[in-house]
Amino acid sequence: MTKEDIIRLAIDHTISGLKFDEDGLLRFAKLVAEHEREACAKMCDALAVHPEYASEATKLAALTIRAKKQA
């Protein structure tokens, strides 16, 4: 994520601008982590269809990364 992406998420997901209480900060950290996991899973998806890297491992990696979201 870029600095601008993080700032946009912070602004879009807070009621009072960039001011966070402890719970808001934890929610924001989870949101950033969720976006990063999805970016990693998408990279695995791309590798899973690439002739040089395609394997069950890359497919499993994407599934595992997305499953972490639910933990």
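Count residues from 1 along the sequence.
- By the ring pair (Phe, Tyr, Trp, His ring centres under 6.0 Å) test, H50 is found to be paired with Y53, residues two or more places apart in sequence or in another chain being considered.
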Donor-acceptor pairs under 3.5 Å, side chain of residues 58-65 to any protein atom, not counting sequence neighbours: which ones?
from, atom 1, to, atom 2, distance (Å)
T58, OG1, S55, N, 3.4
T58, OG1, S55, O, 2.9
T64, OG1, L60, O, 2.8

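- Atom NZ of residue K30 and atom CZ of residue R37 lie 10.0 Å apart, to the nearest 0.5 angstrom.
- Going from atom CD of E38 over to atom CZ of R66 covers 4.0 Å, rounded to the nearest 0.5 Å.
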